[in-house]
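This report concerns only the one structure given below.
Naming: A, B, ... by sequence-line order, numbering from 1 per chain. Atoms considered below: every heavy atom in the structure, side chains included; atoms not considered: hydrogens, waters and symmetry mates.
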Amino acid sequence: MSDLTAPAAPAPAAPASGPAQTDGSERWNQTLRDITGGSAMISILAVVFALVVGAILIAFTNERVQETSGYFFSRPADLLQAVGDAVAGAYSALFQGAIYNFRANGFLTAIRPLTETLTFATPLIAAGLGVGLAFRVGMFNIGGRGQMLIAAGAAGYVAFAIELPAGIHLIVAVLAGLLGGAIWGGIVGLLKARTGAHEVIVTIMLNFVALYLIQFLLRTPGALQAPGSNNPKTPPMLSTAVFPDLFGPRYNLHAGFLTVIAATIFVWWLLSRSNLGFQFRAVGQNPSAARVAGINVKNVYMYAMAISGALVGLAGINQVLGTVTTGFGAGIDAGIGFDAITVALLGRSKPWGIFAAGILFGAFKAGGFAMQAAEGVPIDIVVVVQALIVLFIAAPPLVRAMFRLPTPGTTKKPKIRPVKVRKTNEVVAK
Amino acid sequence: MSTLTESNVPVPASAPIVKPTAQIRSWKIPITFGGFSVLSLILFVLFGRGQRGELSTFRLSEARDLIQLPEVALPTFATGVFVAIVLVLLAAASAWLVYRHRKIPIVLTILFALLFLVGFLAWAASGSTIPVPGLLIGTVTLSAPLIFGALGGVMSERAGVVNVAIEAQLLAGAFSSAVVASATGNPYLGLLAAMVAGALVSMVLAAFALKYLVDQVIVGVVLNVLVIGLTSFLYSQVLAPSANLNSPDVFPRLNIPLLSEIPIIGPVLFRQTIIVYVMYVAVAVVYFGLFRTKWGLRVRAVGEHPQAADTVGINVNRTRFVAVTLGGVISGFGGAYFTLGAVGAFNKEMTNGMGFIALAAVIFGQWHPIKATLAALLFGFATNLQNVLGIIGSPVPSEFMLMLPYVVTIFAVAGFVGRSRAPAADGKPYIK
């Protein structure tokens, strides 16, 4: 557990060099094999297969389907009709709720679901970046909930209790939130570095500590509780500290999305262009080798967890300053801290991968609510589909085995070899 | 720890035996003791006076007990001062021991923890009465799912498969036990279904981890999400509309004759449901199985050094698969506690993070079944302490009481088990 590494990228496609490829048809076969065996195909097939499983679940639990299955042998067409209706209805509602609403009049209304998707994606991407960064350093940050809550509390307090000029106020509130998240994550890194405390335990424990701390502050007048109220809820954020709407008041999408794009660029720069990021990746690959190479592994743990906490905190900031600006309670994290783990896994802990994964999950979330409202299919089906996607993408050999895809790197007859896929590198390099 | 993990390298008879003498002075324990001593000085001495009463009463017997013990009344302030002074002395003693390069005996730590607990209870219960049996009965009951989950985790991780999916196993067990027990009207079939469900979840874990070589933490996390989604979906679609699929009979408390009349221990240990009695057996069986049988040695061998185990003819992946599946059986059984042992109906996400606490207990308990059980009991105790103090009215805000177990765990992990190490091959797939 202590030395888990970022999910390994699938074995790369075979190099296109080699004397064997003189024949045109053979080269074509090779190209085809690269496409079908590569990770893009795997991702698409994983999404398709997860949607198929979701469809089966939707069909099985549909009342009309259950009714018609009672007289399946006298009129089988009824059952097929019911299954088709249930699945098509649910998935078209999902699509129309997530991307483009065909029933709306006018483009501006029809495109609204897409902006909803981006709104839902915003905190998912931010938190996913945080969790993914920790993965790259070989650490597992399950503390998203705590880091989000503390960041939301800090940013929220600055946003409603302190009066500052517009512009500066927003920046100060965001910085306060980032600092809160960084401290809550940094504690974990500090304890791991100084005492060897396991980050999984500490983050889980700090989730609960943060939850109860915020609950206490939310019912303490003068702290986070709205004055003159008995509810455990904060007052609304001051307008000077709220992320402005990007496309006017008709859409919920707010400037927080821009901060998330900036964060993605920052993480990309940090990991692949900076000295610190190189140390991060080195420690993630092999802490002992990194130590021998002169990297201060303890400091790396601390910096990585602090930055990870700040990124997850950005998700909390986006929640309170962008999505829910009318005051928040202890449920403001909305489970995003845990969703972020799947986002990071789906994005393979790479910044732009996480960005795309966050938008996909944001689409599922936006569409899921629409599907629940329109077709009565519980939004939990979306969670199932998301989990299945990650599961299948994490296991390329399984998907290849299911769809009889060739293993990349094998130039001979396609052969299903689920095991030993990580050794294909060596096979290729011979 | 196991004999496997100790580094008793056999030396040739002729070579002089040189024991390693390098000792590292660790100031963690004295610092932790010091922190708690200061805390006790502040709480019990500075804020010890002016509470709601002068006496703290401990009730040791329940009304229906055969043998009635008298109530113990302690003067709050005097007890606090006494405890604080002794704690400071113990902290000083531990510092002196470390300074002299001596080992701090485990008895000292236990004594310290117990004294702090007594002092804290006396302080918190000032002017009112703490029902000690009630406090402990609830501890055992609340710990049951944690202990089952922790045992399942220990089984799996000892074989070298990281089990983050304890939450999923508990939840699957809770769901299927509720459905099967309601549908058949037989709660024992519900228990069976819980075990099957837990085993199925862990078989998926094992298949992905061992056959498809997916990162085990990833599979575990995803399985948690998958089972949460699946059970929530089925709950909303199937269970919520028709109540007769979600109303299992709850197991009654069974009093074991004679044993249940022993003062304090009797009510705590022997007036529980059948799930808790199975738990006692499970702890013993897992300990015995892992540390006293040939099979257990093999399980630990594939978890520590799969190459070596393979060399001597142990089928690594099959051994791991069996151990992980058995772990799932145990965790799944623990899931039945939620529906058949406590609530009596399934609810969305009713395990509420208990699986993660069980995972913490596994790591806190250093991957050892007995120690993990003790860690789980500590979590259960802390949760129930908050419940009890909430009833009698505690001087600290309830949120801080709720926070306490988690803070203590962080302290403990940072201070005492910081050096705890996982089985060497934990999380690493074995590729021949």
Side-chain angles (χ1 to χ4, degrees), chain A residues 1-8 57-58 60-63 140 142 187 191 194-198 200-202 204-209 211-213 215-216 219-220 338-339 341-342 345 377-388 390-391 394-398 401 418-423, chain B residues 28 157 162 164 204 207-208 211-219 221-238 240-241 348 353 356-357 359-360 363-364 397-403 405-407 409-410 413-415 417-422 426-428 431-432:
Chain A
M1 168 95 64
S2 58
D3 50 7
L4 72 104
T5 50
L57 275 173
I58 291 172
F60 257 101
T61 53
N62 186 287
E63 275 179 26
F140 189 16
I142 325 185
I187 293 173
L191 286 178
R194 294 286 161 227
T195 69
H198 203 292
V200 169
I201 301 194
V202 179
I204 293 173
M205 297 299 139
L206 282 180
N207 278 347
F208 288 99
V209 173
L211 176 67
Y212 295 126
L213 186 65
Q215 276 182 357
F216 171 73
R219 67 174 183 86
T220 308
F338 290 104
D339 292 346
I341 300 172
T342 36
L345 293 178
V377 177
I379 192 167
D380 307 298
I381 191 74
V382 165
V383 179
V384 177
V385 171
Q386 286 176 351
L388 286 173
V390 178
L391 198 59
L398 174 69
V419 209
K420 296 184 183 175
V421 79
R422 288 190 188 173
K423 284 197 165 175
Chain B
K28 281 178 195 164
E157 303 222 356
V162 170
V164 191
V204 177
F208 274 84
K211 187 163 166 55
Y212 297 113
L213 308 180
V214 187
D215 189 300
Q216 295 166 5
V217 175
I218 295 179
V219 191
V221 170
V222 174
L223 274 179
N224 285 337
V225 178
L226 182 66
V227 173
I228 288 174
L230 211 55
T231 51
S232 301
F233 176 76
L234 292 175
Y235 172 80
S236 308
Q237 277 290 72
V238 182
K348 272 189 185 185
F356 290 105
I357 305 281
L359 179 65
I363 303 173
F364 193 9
S398 65
E399 285 88 357
F400 288 97
M401 286 304 307
L402 283 165
M403 220 187 270
Y406 307 112
V407 175
T409 307
I410 293 176
V413 171
V417 294
R419 280 159 294 145
S420 82
R421 51 173 286 278
D426 208 7
K428 297 191 186 86
I431 309 160
K432 257 189 198 176

Between B:Phe356 and chain A, with a heavy-atom cut-off of 4.5 Å, which part of the residue counts as in contact: side chain, backbone, both or neither?
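B:Phe356 touches chain A through backbone and side-chain heavy atoms alike.
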Pick one of side chain, backbone, both or neither for B:Ile228, based on which atoms fall under 4.5 Å of a heavy atom in chain A.
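Contact with chain A involves no heavy atom of B:Ile228 at all.
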State the [atom1]-[atom2] distance between [X] and [Y], to the nearest 0.5 angstrom.
X        : Y        : atom1 : atom2 : result
B:Ile410 : A:Met205 : CD1   : CE    : 7.5 Å
A:Phe216 : B:Glu399 : CZ    : CD    : 6.5 Å
B:Thr231 : A:Asp380 : OG1   : CG    : 8.0 Å
B:Asn224 : A:Thr342 : CG    : OG1   : 11.0 Å

With sequence neighbours excluded, tell me which residues meet side-chain hydrogen bond (donor to acceptor under 3.5 Å, both in side chains) with A:Gln215.
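In terms of side-chain hydrogen bond (donor to acceptor under 3.5 Å, both in side chains), with neighbours along the sequence ignored, A:Gln215 is linked to no residue.
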Partners of B:Ser232 by side-chain hydrogen bond (donor to acceptor under 3.5 Å, both in side chains), sequence neighbours excluded?
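Partners of B:Ser232 by the side-chain hydrogen bond (donor to acceptor under 3.5 Å, both in side chains) criterion come out as none, since no residue qualifies.
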Under 4.5 Å from any heavy atom of chain B - which part of [X]:
X        : value
A:Thr61  : both
A:Ile379 : neither
A:Leu213 : both
A:Ile204 : side chain
A:Ile381 : both
A:Leu211 : neither

What is the minimum heavy-atom distance between A:Ala387 and B:Val225, and which atoms define it?
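Nearest pair, atom of A:Ala387 first, then B:Val225: CB-CG1, 3.9 Å.
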What's the shortest heavy-atom distance between A:Val390 and B:Val222, and which atoms?
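Smallest heavy-atom distance, with atoms named: CG1-CG2, 3.4 Å.
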With side chain to side chain contact (heavy atoms under 4.5 Å, CB included) as the criterion, how do B:Val221 and A:Phe140 come out once you've worked through the C-alpha distance, each side chain's angles and the decisive distance to 0.1 Å?
CA-CA 11 Å; B:Val221 170; A:Phe140 189 16; 3.2 Å; yes
Taking it one step at a time, do A:Phe208 and B:Ile357 satisfy side chain to side chain contact (heavy atoms under 4.5 Å, CB included)?
CA-CA 10 Å; A:Phe208 288 99; B:Ile357 305 281; 3.6 Å; yes
In terms of heavy-atom pairs under 4.5 Å, which option from B:Gly353, B:Ala360, B:Pro241 contacts chain A the most?
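So the answer, after comparing B:Gly353, B:Ala360, B:Pro241, is B:Ala360.
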Heavy atoms only, distances under 4.5 angstrom: which of A:Asp339, A:Leu206, A:Leu57, A:Val382 has the most pairs with chain B? Name it, please.
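Of the candidates given, the most pairs with chain B belong to A:Leu57.
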